[in-house]
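Notes follow once the structure below has been shown.
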Amino acid sequence: MDTKPERAPEKEGRRLRALRACFHRALRLALDCPKWEDFAASFAELPEQYTMALYDLYQQVLHLTRANSEAEFEDICEEAQLWTKLQDLEQLCQEQGLNEGEVQAEGMQGRITPAEAAQIHRMQAKQEEKAELEAILEQMQQEQAELEARLQQKQLQVVTAAEQYRPVMANLEKVHHASKLWAARDPLQAG
C-alpha cells in the first residue's frame with residue numbers, strides 16, 4: 001500500500017503548467033520513435049523478421065522510458081515540494097501584480113513590470129559606476145596636476161643651480177685652456 005501523501009488537487013498556476021509542458025515537450029522530442037522505414041534502413045543487413053522484432057523492442061523501451069521518466073519527474077517534484085513552491089511563487093506574483101502577460105486595469109497603475117524593474121536596476125548600477133569612475137578621474141587629474149607642479153619646481157631648481165655654476169664654469173674653462181697651453185709648450189724654452 002502506498003503511504004505517500006497525495007497532492008491536494010489545486011488549480012495549477014501558469015508556472016506549473018509551463019514547467020510540465022516544457023518537460024513533456026522535451027521528453028517527446030528526446031523519445032521520438034523513428035518511422036519503420038528509417039529504422040529498417042539502419043539495419044538493412046539484418047533479416048526483416050529480426051528488424052521487426054528489434055523495432056518492436058525499441059518501441060517498448062521508448063514507451064517504458066517515457067512512463068518511467070514521467071513518474072520520476074513527478075516524484076522529484078514532490079520530494080522537492082516544487083508544486084507548493086511554484087504555487088506560492090504564483091500567489092506572490094499575483095499579489096504584487098507581477099504576472100507577465102496578464103494586464104490588470106485596476107491596481108496596476110504605479111507598478112512596474114519585472115523587466116522594467118531590472119532595467120531600472122541596471123540604469124542605477126551604471127549611474128553609480130559612472131559616478132565612481134568620475135571620482136577616480138578627478139582624483140587622477142589632481143594627482144597629475146600636483147606631479148606637474150612638482151616637475152616644474154624641480155626644473156626651476158635645476159635651471160637656478162646651473163645659473164649659479166655658470167661663473168665657475170667660465171673660470172674652469174680658462175684654467176682648462178691654460179693647462180692645455182702649458183702642456184703644449186716647449187720645455188726647453190721655459191727655462
Using a 6.0 Å cut-off, check whether atom [atom1] of [X] has over 12 heavy atoms from anything other than its own residue.
X	atom1	answer
His24	NE2	yes
Gln119	CD	no
Glu48	CD	no
Phe43	CZ	yes

Could you grab the distance from atom [atom1] of [X] to atom [atom2] of [Y], nearest 0.5 Å is fine?
X	Y	atom1	atom2	answer
Glu146	Gln144	CD	CD	11.0 Å
Arg66	Leu64	CZ	CG	11.0 Å
Thr51	Leu46	OG1	CG	4.5 Å
Ser42	Glu37	OG	CD	11.5 Å
Met123	Glu116	CE	CD	13.0 Å
Tyr58	Thr65	OH	OG1	9.0 Å

Would Leu31 end up clustered with Phe23 when hydrophobic side chains under 4.5 Å apart are linked, directly or stepwise?
->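 Same cluster.
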ILVMFWY network linking Leu27 to Val61, side-chain heavy atoms under 4.5 angstrom = no
Apply side chain to side chain contact (heavy atoms under 4.5 Å, CB included) to Leu156 and Thr160, showing your working.
-> CA-CA 6 Å; Leu156 184 60; Thr160 304; 4.3 Å; yes
Would Phe73 and Asn68 satisfy side chain to side chain contact (heavy atoms under 4.5 Å, CB included), going step by step from the backbone distance to the final call?
-> CA-CA 8 Å; Phe73 175 76; Asn68 288 340; over 6 Å; no
Given side chains that start at C-beta, do those of [X] and [Y] come closer than 4.5 Å, heavy atoms only?
X	Y	value
Asp88	Thr84	yes
Arg28	Arg25	yes
Tyr55	Cys33	yes

For Ile76 and Leu82, what are the C-alpha separation, side-chain angles and deciding distance, and is it a side chain to side chain contact (heavy atoms under 4.5 Å, CB included)?
-> CA-CA 8 Å; Ile76 290 171; Leu82 194 57; over 6 Å; no
Considering only NZ, NE, NH1 and NH2 on the basic side and carboxylate oxygens on the acidic side, decide whether Arg166 and Glu163 come within less than 4.0 Å.
->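 Here Arg166 pairs with Glu163 in a salt bridge, since their nearest N and O are under 4.0 Å apart.
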Taking all non-hydrogen atoms of both residues, which atom of Trp83 and which atom of Cys77 are closest, and how far apart?
-> CZ2-CB, 3.3 Å
Could you walk me through whether Gln124 and Ile120 pass the side chain to side chain contact (heavy atoms under 4.5 Å, CB included) test, one step at a time?
-> CA-CA 6 Å; Gln124 288 172 343; Ile120 289 169; 3.9 Å; yes
Measure from the side-chain N and O atoms of Lys85 to the backbone N and O of Ala80, and report whether any donor-acceptor pair falls under 3.5 Å.
->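 It does hold such a pair.
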